[in-house]
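First up is the structure itself, then whatever we jot down about it.
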Amino acid sequence: RKEVEQDPGPFNVPEGATVAFNCTYSNSASQSFFWYRQDCRKEPKLLMSVYSSGNEDGRFTAQLNRASQYISLLIRDSKLSDSATYLCVVIGNQFYFGTGTSLTVIP
Amino acid sequence: EAEVAQSPRYKITEKSQAVAFWCDPISGHATLYWYRQILGQGPELLVQFQDESVVDDSQLPKDRFSAERLKGVDSTLKIQPAELGDSAMYLCASSILAVDTQYFGPGTRLTVL
């Protein structure tokens with residue numbers, strides 16, 4: 001079983017839509033969680049950290065569910081510029097990346 | 001804003017040749033990582049350094065890959081000999097501590113012919 005699993009998508013949504021991604025992890029002792037954004041042929045860049053209490057940054061909301069061992073990312077009012085691959089990251093005994101979820105926002 | 005530097009940005013080589021990639025982390029970042037990312041997949045950790053010491057190289061194909069960070073600052077990743085399956089993006093990242101946010105360099109895109 002993989003340490004981190006993500007639905008690869010692709011997700012194709014219209015501008016203004018709300019979209020949510022989930023990411024499950026296998027190690028219940030995992031300590032830290034992040035969402036990264038990766039544009040085509042570019043390096044991953046930190047989008048936001050994920051805290052137990054949940055956190056929000058503008059149109060983006062990240063949540064952690066330790067009981068069910070998943071993290072989620074919600075994007076409201078999608079913009080064309082949100083089109084990218086979103087990678088979840090889980091830190092257990094090392095940094096584990098998901099395979100990424102591809103999002104395309106359509107005009 | 002401080003950035004992780006990598007060079008070269010692109011490398012084309014023939015199989016059986018040797019290649020080397022260089023990474024200069026953000027100043028003050030003790031932890032340095034090398035990842036390999038194949039198109040359509042997430043980054044896969046190859047090696048992690050804490051200062052000049054290797055912390056984790058369990059996924060590094062040691063028969064052909066080597067990595068060093070002699071003075072605990074910049075690092076070199078070498079492949080010898082390169083194989084067709086090594087074609088990928090090689091990403092370097094650094095962080096202040098091992099469980100902190102990682103910052104990535106622009107990567108080296110390797111094509112093995």
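In what follows, chains are A, B, ... by sequence order, proteins preceding strands, each numbered from 1.
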Taking atom [atom1] as the centre, does [X] end up with more than 12 heavy-atom neighbours from other residues, nucleotides or ligands that are less than 6.0 angstrom away?
{"X": "Glu15(A)", "atom1": "CD", "result": "yes"}
{"X": "Gln17(B)", "atom1": "CD", "result": "yes"}
{"X": "Lys71(B)", "atom1": "NZ", "result": "no"}

Proximity breakdown for Gln102(B) and chain A, heavy-atom pairs closer than 4.5 Å:
both

Run Phe97(A) and Phe104(B) through ring pair (Phe, Tyr, Trp, His ring centres under 6.0 Å) and show every step you take.
CA-CA 13 Å; Phe97(A) 278 84; Phe104(B) 284 82; 5.8 Å; yes

Shared hydrophobic cluster for [X] and [Y] (ILVMFWY, side-chain gaps under 4.5 Å):
{"X": "Leu64(A)", "Y": "Phe21(A)", "answer": "yes"}
{"X": "Tyr33(B)", "Y": "Leu91(B)", "answer": "yes"}
{"X": "Leu77(B)", "Y": "Trp22(B)", "answer": "no"}
{"X": "Val4(B)", "Y": "Val47(B)", "answer": "no"}
{"X": "Phe11(A)", "Y": "Tyr86(A)", "answer": "yes"}

So, the part of Tyr96(A) with a heavy atom under 4.5 Å from chain B: the answer is neither

So for Gln38(A), is it side chain, backbone, both, or neither that comes closer than 4.5 Å to the heavy atoms of chain B?
side chain

Is the shortest side-chain heavy-atom distance between [X] and [Y] below 4.5 Å?
{"X": "Phe95(A)", "Y": "Thr31(B)", "result": "no"}
{"X": "Met89(B)", "Y": "Glu43(A)", "result": "no"}
{"X": "Thr101(B)", "Y": "Ser32(A)", "result": "no"}

Using atom types as modelled and distance alone, determine if a side-chain donor or acceptor of Tyr103(B) lies under 3.5 Å from a backbone N or O of Leu46(A).
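No, Tyr103(B) side chain to Leu46(A) backbone: no donor-acceptor pair under 3.5 Å.
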
Drop me the distance from Cys40(A)'s SG to Leu39(B)'s CG, to the nearest 0.5 angstrom.
7.5 Å

Quickly, which of Leu87(A), Thr99(A), Val89(A) forms a side chain to side chain contact (heavy atoms under 4.5 Å, CB included) with Pro43(B)? Name it, please.
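So, applying the side chain to side chain contact (heavy atoms under 4.5 Å, CB included) to Pro43(B) and each of Leu87(A), Thr99(A), Val89(A), only Leu87(A) qualifies.
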
I'd like to verify something: which residue of Gln41(B), Gln48(B), Arg109(B) has the highest number of heavy-atom pairs under 4.5 Å with chain A?
Arg109(B)

